[in-house]
Amino acid sequence: MGFLTGKTAIITGGGRAKPLKDGSAGSIGYGIAIAYAKEGCNLVLTGRNVTKLEEAKEEIERLYGVKVLICQADVNAGADNEATVQAVIDKTMAEFGRIDVVINNAQASASGVTLAAHTTDQFDLALYSGLYSAFYYMKAAYPHLKETKGTVINFASGAGLFGNFGQCAYAAAKEGIRGLSRVAATEWGPDGINVNVVCPLAWTSQLEQWAEYQPEAFKANVKMPPMGHYGNSELEIGRVCVQLANPDFKYMSGETLTLEGGMGQRP
């Protein structure tokens, strides 16, 4: 039994992506889901693609013996987003009766489009799928996290810090998430809720395909971390997220954890 047995984690963007060529998890969300399942945690996985969610549920329940609730949910500029997210929270409570961890991993964007060429729809895509999604899930889950002295883990990026070319909307969304998280850490710390931000550089199936089909664009935007390898979605990034949910882990709420090739740093 793992130390998260009996607990419940919501992971946005947690569907099963195409595995990497080496067979490992092909996305950050699914890598985190596997890491949590191995610790006995029941899961609520959200996403836009129902097929990927169903594949995640089948594989995780079969391999790790935990319960997985899947919820098709898409936070976007044209939706009743508060109702969409509240429905996920309500289904979670009906199924498991508690919420211990919320991991805001979901993010879509039109990367590679310059700021001058960016459309409002493309900018909205990044802000709604990332920043607004994190806001709605945090707000809706707050009363339940207060009950469990729970954990919020949000995902930001180095894109805003380093000014990555062609990532204006993505960077804006991620910097917004960073600021939102620091405010939540200040306001919710007295409630016993731990809030942290992870800025990973993981090797995913999307990066693998990008490197294969657009090698020059990939080289211009994705820099090899100092340790000489990219983070593994399950074994490094997922395990960091597991540790952040450990009540015995004395990590200061509100800090940013940067993963550089699998090494955690406090910048």
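- Salt-bridge formation is detected for the pair Glu39/Arg239: a Lys NZ or Arg NE/NH1/NH2 atom is positioned less than 4.0 Å from an Asp or Glu carboxylate oxygen.
- Of the N and O atoms on the side chains of Glu175 and Tyr170, not one donor lies less than 3.5 Å from an acceptor on the other residue.
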Name each donor-acceptor pair under 3.5 Å that joins a side chain in residues 86-94 to protein atoms two or more places apart or in another chain, with its distance.
residue : atom : partner : partner atom : Å
Gln86   : NE2  : Asp90   : OD1          : 2.9
Thr92   : OG1  : Val88   : O            : 2.8

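- Put simply, the side chain of Ser181 never gets that close to the backbone of Val197: no donor and acceptor are under 3.5 Å apart.
- Put simply, the side chain of Arg178 gets close to the backbone of Ser157: a donor and an acceptor are under 3.5 Å apart.
- Comment: Lys38 engages Glu234 in a salt bridge, judged by a side-chain N to carboxylate O separation of less than 4.0 angstrom.
- Side-chain polar atoms of Asn194 and Thr151 form no donor-acceptor pair below 3.5 angstrom.
- A distance-only check finds a donor-acceptor pair linking the side chain of Lys57 to the backbone of Val68 [under 3.5 Å].
- The neighbour count for Glu58 CD, taken as heavy atoms of other residues, nucleotides or ligands under 6.0 Å away, is above 12.
- Screening residues 83-130 for ring-ring contact (aromatic ring centres under 6.0 Å, His included), with sequence neighbours left out, gives Tyr128-Tyr132.
- Separation of atoms CD1 (Ile60) and CD1 (Ile34) is listed at 6.0 Å; rounding is to 0.5 Å.
- Checked for salt-bridge contact, Arg16 and Glu54 miss the test: no charged N lies under 4.0 Å from a carboxylate O.
- Using modelled atom types, one side-chain atom of Asn76 and one backbone atom of Gly78 make a donor-acceptor pair closer than 3.5 Å.
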Could you walk me through whether Thr114 and Phe165 pass the side chain to side chain contact (heavy atoms under 4.5 Å, CB included) test, one step at a time? CA-CA 7 Å; Thr114 63; Phe165 182 91; 3.6 Å; yes
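- Salt bridge status for Lys139 with Glu82: present, with a side-chain N to carboxylate O gap under 4.0 Å.
- Of the candidates Ile32, Val101, Ile28, Asn105, Cys241 forms a side-chain contact (heavy atoms from CB on, under 4.5 Å) with just one, namely Ile32.
- Using modelled atom types, one side-chain atom of Gln72 and one backbone atom of Arg48 make a donor-acceptor pair closer than 3.5 Å.
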